[in-house]
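I have placed the structure first, in the form of structure tokens, so that the comments after it can refer back to it.
Just so you know, these numbers use all the heavy atoms, side chains as well, and skip hydrogens, waters and symmetry mates.
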Amino acid sequence: MKIFHDFDLSKATTFHIPAKARIYAEYDSIDELRDLLFSPQYTGMKRLHIGGGSNLLFTTDFDGLVMHSAMKSITTMSGDNDDDVYLKVSAGVVWDDFVKYCVDNSLYGAENLSYIPGEAGASAVQNVGAYGVEAKDIISKVHAIDTTSGEERIFTVEECDYAYRHSIFKRHDYSGRYIITDVVYRLSRLKHFTLDYGPLKELAAEKDVTLAKVRDRIIDIRRHKLPEPAELGSAGSFFKNPVITPEKFLRLKGDYPELPSYPAPDGIKIPAAWLIEHAGMKGKSIGGAQVYPGQCLVIVNTGNATAADIVALFGEIREKVAAQFGITLSPEVNIIGKA
């Protein structure tokens, strides 16, 4: 286990905005995690568990213990039949390394989720998704430690209560109680693809579609649309795409015939990026924070942004979109501290 005092959290988050953690700990086993949870020296201290830091914005220093998993194993488990393959993946495995592993081993199901930042544990919290696929589509079970008792609990995918960017682990009464240690994903040896999302439709017409081609295409799309966090600080998509009622959609469609939309289980999903751009916020800056011109879902740190700059820009975007469209955008980013 590695313990750091007065740790610079800009090294552990993709916004690269300075903030300090009183104590930062990286653990290599479940026993070490339990030691952190129940050590007398940390009793009564605020605690926060993080993954790859790609959905976090610290607005103040964190006067407590920040924990991060350094467990990075991928274990193959037997499937229910010859076609299914189950992979038990440690929470600290970089998400895109897991997707690459699946593609390299001819396992179908994860390829559309290529190049999403973060780690495997966070995928089960956030229910990450892209190009018509969500993590819940391939998750089988989630292993977690109960922070109140230290006991392991295994959640089935049904118990995780997955919805758009939601899981039971984000629910108020569960948030912070469980720390995910491993996620079991179900992949398939059977060749199948999900290629009905706009930019991927052209691949569906090809006769020799492969996992590698799908992955390469998605990585190319994401690289062209989104900034590289190592070069330009961001947390990826800052906003969730809002879901509105069919009645509200029809009213907006009357005023904005070009308004794009997608069906959702509980209504009509509207691209937040379209709303932000048409509210006149594309490229808008406050201090060192900017709405990324290539993808309006993203707020970037142009080099000298403060957390206050990010929060102020976030607030102005919400106000402008709400005033013009009557829709209040929700952040996908978890803001730690005063918003």
Side-chain angles (χ1 to χ4, degrees), residues 55 109 111-114 116 123-139 157-158 160-172 193-204 214 217-218 221-222 224-226 235-282 284 291-299 313-335:
N55 69 329
E111 60 279 359
N112 284 34
L113 303 176
S114 291
I116 292 176
S123 78
V125 176
Q126 289 287 104
N127 187 24
V128 297
Y131 307 109
V133 175
E134 291 181 320
K136 69 174 178 58
D137 299 327
I138 58 172
I139 288 176
V157 66
E158 292 81 12
C160 290
D161 190 31
Y162 284 122
Y164 174 61
R165 301 299 178 271
H166 172 79
S167 72
I168 195 172
F169 307 107
K170 298 182 77 171
R171 212 170 72 186
H172 178 72
F193 299 102
T194 301
L195 302 174
D196 49 1
Y197 185 89
L200 301 181
K201 288 181 180 179
E202 61 192 53
L203 284 176
V214 174
R217 177 65 177 132
I218 288 172
I221 293 169
R222 293 185 71 89
H224 278 84
K225 288 176 59 177
L226 303 172
S237 297
F238 200 98
F239 298 94
K240 299 176 185 178
N241 291 316
V243 176
I244 61 176
T245 64
E247 294 77 16
K248 185 164 188 173
F249 170 70
L250 289 175
R251 291 197 299 270
L252 282 173
K253 192 73 171 175
D255 295 329
Y256 303 95
E258 72 281 18
L259 177 67
S261 64
Y262 305 94
D266 49 354
I268 307 294
K269 186 183 295 185
I270 306 298
W274 189 95
L275 298 172
I276 295 166
E277 180 173 351
H278 286 78
M281 295 299 289
K282 182 177 182 179
K284 170 70 176 181
V291 177
Y292 189 59
Q295 171 53 272
C296 291
L297 271 181
V298 179
I299 294 177
L313 185 54
F314 157 58
E316 185 172 339
I317 291 168
R318 286 224 298 186
E319 289 175 7
K320 290 290 180 68
V321 170
Q324 185 166 337
F325 301 104
I327 295 174
T328 300
L329 296 179
S330 298
E332 194 167 321
V333 171
N334 187 12
I335 299 173

Where [X] and [Y] come nearest, the two heavy atoms and their spacing:
X: P331; Y: K240; result: O-CE, 3.6 Å
X: N241; Y: I270; result: CB-O, 3.4 Å
X: Y162; Y: A124; result: OH-O, 2.8 Å
X: E332; Y: Q126; result: O-NE2, 3.8 Å
X: L297; Y: A272; result: CD2-CB, 3.4 Å
X: C296; Y: A273; result: CB-O, 3.7 Å

For this session: Could you go through the side chain to side chain contact (heavy atoms under 4.5 Å, CB included) check for D266 and Y164 one step at a time?
Result: CA-CA 10 Å; D266 49 354; Y164 174 61; over 6 Å; no
Rounded to the nearest 0.5 Å, how far apart are [atom1] of [X] and [atom2] of [Y]?
X: Y292; Y: K225; atom1: OH; atom2: NZ; value: 11.5 Å
X: K201; Y: L195; atom1: NZ; atom2: CG; value: 11.0 Å
X: H278; Y: E258; atom1: NE2; atom2: CD; value: 5.0 Å
X: E319; Y: M281; atom1: CD; atom2: CE; value: 9.0 Å
X: I138; Y: E111; atom1: CD1; atom2: CD; value: 8.5 Å
X: I317; Y: K284; atom1: CD1; atom2: NZ; value: 10.0 Å

I'd like to check [X] versus [Y] (side-chain heavy atoms, cut-off strictly below 4.5 Å). Are they in contact?
X: H166; Y: N127; result: no
X: I276; Y: K282; result: no
X: F238; Y: V291; result: no
X: Y131; Y: I221; result: yes
X: L252; Y: I244; result: yes
X: R222; Y: I116; result: yes
X: L200; Y: I218; result: yes

Problem set entry | Aromatic ring pairing Y197/Y262, orientation class (parallel under 30°, perpendicular over 60°, tilted between) |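 Rings of Y197 and Y262: parallel, under 30°.
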Exercise. What orientation do Y256 and W274 show, parallel under 30°, tilted 30 to 60°, or perpendicular over 60°?
Worked result: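 Y256 vs W274 ring planes: perpendicular.
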For this session: Taking K170 for its side chain and R165 for its backbone only, find out whether a donor-acceptor pair lies under 3.5 Å.
Result: yes
For this session: Dump the intermediate steps for side chain to side chain contact (heavy atoms under 4.5 Å, CB included) on I335 and F314, then the final yes or no.
Result: CA-CA 11 Å; I335 299 173; F314 157 58; 4.0 Å; yes
